[in-house]
Amino acid sequence: MMNEQNNSNNNEENGFNLIESQLTPIKPRTEDNSSNDGSNKKSHSKKSKKSKHKKKKKLPVIVRILIALLVIIVVAVAIVLGTFFHLQQQGKKDLVVNKPDTGYEETIEYNGHKYVFNNDKVAFAFLGVDKEQFGLKNDQVGTAGQADADIVGVVDTKTGKVDVITIPRDTMVDIDLYSADGGFLRTEKKQLCLSYAYGDGAEKSCENVTTALSRILLNVPIEKYFALELAGIAPLNDAIGGVTVESLYDFKEQGIKKGDKIKIKGDFAETYVRKRNMDSIDASLNRTDRQIQYIRAYASQLLPAVKNDFSTVSRLYNTAMKYSQTNISLDDVTYMASFVMSKGITEYTQHKIKGEMKASKQKNDYVFAEFYPDENSILETVIECFYTQVD
């Protein structure tokens with residue numbers, strides 16, 4: 001029994017030893033092991049980051065260029081639109097919001113109806129001066145040149161309606177005369193065109209013509225003016241690619257006959273709107289007809305260009321500024337052009353003052369004409385362009 005127990009004990013001990021020998025000993029975690037595991041994790045993390053970076057591919061160069069161009073275009077458009085709206089609002093302030101109070105509140109009764117002056121109307125004087133460059137010769141009054149083209153544009157700032165009044169250069173009117181030092185001398189009845197000569201060849205000359213035009217049109221207020229010297233006709237003509245018309249005059253040197261369809265380009269633009277037969281008393285009236293025709297043709301070609309690209313307005317204005325005297329700002333032009341177009345106006349109403357042309361009593365080498373406007377023609381034109389019927 002003792003032996004069996006001993007054997008049994010031995011067997012149990014041997015079995016225990018056998019089991020113990022088969023177990024894998026678990027060693028306690030040491031500092032070295034801990035650092036190794038950390039380094040392994042960091043290494044794994046770096047690898048994963050690298051793998052992530054590898055997955056992020058750079059955009060092709062052409063795509064990046066296109067994106068950059070798109071950003072530039074968006075910024076440029078924002079600047080252009082911002083500039084446009086600024087000019088538009090400033091022009092509105094000048095012509096509409098802060099429009100000077102002229103105190104003109106006339107009432108007219110005509111043909112059984114009553115008319116009152118429409119304060120929504122804004123008038124512009126457009127003058128064509130017969131000199132290559134503005135200014136006086138040797139600072140002498142009377143050498144500034146003459147206003148050969150005299151036109152008044154009227155815009156209704158409520159409806160957008162545009163009226164254009166062409167007044168013959170030889171229209172007899174009271175004009176202000178000034179001394180060499182610019183002092184007012186007196187008023188004399190002379191041809192309208194001479195009102196520009198009795199000034200400084202700049203601002204005072206323009207104001208003198210504007211005053212004379214106002215007197216012809218029953219003293220309606222005309223505060224804005226634009227005067228163009230001869231050198232500016234061709235550049236403005238060519239800026240829209242030339243102007244196509246049916247000739248109203250024989251131009252023998254150019255081989256052009258009345259009725260020929262022609263495209264006016266370059267220096268011929270000045271010839272077409274200026275040339276006249278100095279031996280004929282009606283010479284300036286034929287020239288006025290050509291000026292009316294030319295301006296209408298110019299406007300009809302300009303409108304599509306502006307609709308296609310509104311910056312055409314500012315480009316033309318900048319070109320005109322090189323050859324002009326004016327108190328019309330780019331703000332004014334931007335506002336009026338955008339406003340009229342927003343109202344769907346595609347053409348203007350032309351008015352021509354009727355009257356009688358007479359030969360001047362002055363003895364000169366050429367026939368000097370004097371145009372005496374018909375009073376009813378003036379009255380009807382003024383009512384239609386500046387007044388509103390109230391009964």
Cut-off 3.5 Å, side chains only: do [X] and [Y] have a donor facing an acceptor?
X      : Y      : answer
Glu380 : Tyr110 : yes
Tyr196 : Asp148 : no
Thr171 : Gln191 : no
Ser329 : Asp332 : yes

Exercise for review: Decide side-chain hydrogen bond (donor to acceptor under 3.5 Å, both in side chains) for Asp170 and Ser284; before the verdict, give the C-alpha distance in whole Å, the side-chain angles of both, and the deciding distance to 0.1 Å.
Suggested key: CA-CA 8 Å; Asp170 295 313; Ser284 66; 2.8 Å; yes
Point to revise | NZ/NE/NH1/NH2 to OD/OE distance under 4.0 Å, Lys265 and Asp238 | key: no
Point to revise | Sidechain N-carboxylate O distance under 4.0 Å for Asp289, Lys352 | key: yes
Between [X] (side chain) and [Y] (backbone), is there a donor-acceptor pair under 3.5 Å?
X      : Y      : value
Gln301 : Gly242 : yes
Asp250 : Lys258 : yes
Ser214 : Val220 : yes

Practice item. Take Thr312 and Arg315, measure what side-chain hydrogen bond (donor to acceptor under 3.5 Å, both in side chains) needs, and give me the verdict at the end. Key: CA-CA 5 Å; Thr312 301; Arg315 287 199 299 271; 3.3 Å; yes
Check your understanding: Phe268 and Leu228: same hydrophobic cluster, using ILVMFWY side-chain contacts below 4.5 Å?
Key -> yes
**Study point:** Transitive ILVMFWY side-chain link Tyr323 to Met321, under 4.5 Å
**Key:** yes
Practice item. List the steps and the verdict of salt bridge (charged side-chain N to carboxylate O under 4.0 Å, His left out) for Arg215 and Asp176. Key: CA-CA 11 Å; Arg215 287 172 179 163; Asp176 297 335; 3.2 Å; yes
[X] to [Y] six-membered ring, cation-pi geometry met (6.0 Å, 45°):
X      : Y      : answer
Arg169 : Phe371 : no
Lys275 : Phe251 : no
Arg296 : Tyr348 : yes

Are [X] and [Y] packed together at the side-chain level, in the sense that at least one heavy-atom pair is separated by less than 4.5 angstrom?
X      : Y      : result
His351 : Val164 : no
Glu223 : Glu207 : no
Val340 : Val155 : yes

Check your understanding: Do the ring planes of Phe126 and Phe226 sit parallel (below 30°), tilted (30 to 60°) or perpendicular (above 60°)?
Key -> tilted
Practice item. Can you label the angle between the Tyr115 ring and the His113 ring as parallel, tilted or perpendicular, going by 30° and 60°? Key: perpendicular
Review point. Do other residues, nucleotides or ligands put more than 12 heavy atoms under 6.0 Å from Asp374 CG?
Key: yes
Review point. Are Phe117 and Tyr387 close enough that their ring centres sit under 6.0 Å apart?
Key: yes
**Study point:** Tyr272 vs Gln293, side-chain hydrogen bond (donor to acceptor under 3.5 Å, both in side chains): CA-CA, chis, key distance, verdict
**Key:** CA-CA 10 Å; Tyr272 190 80; Gln293 177 205 37; 2.5 Å; yes
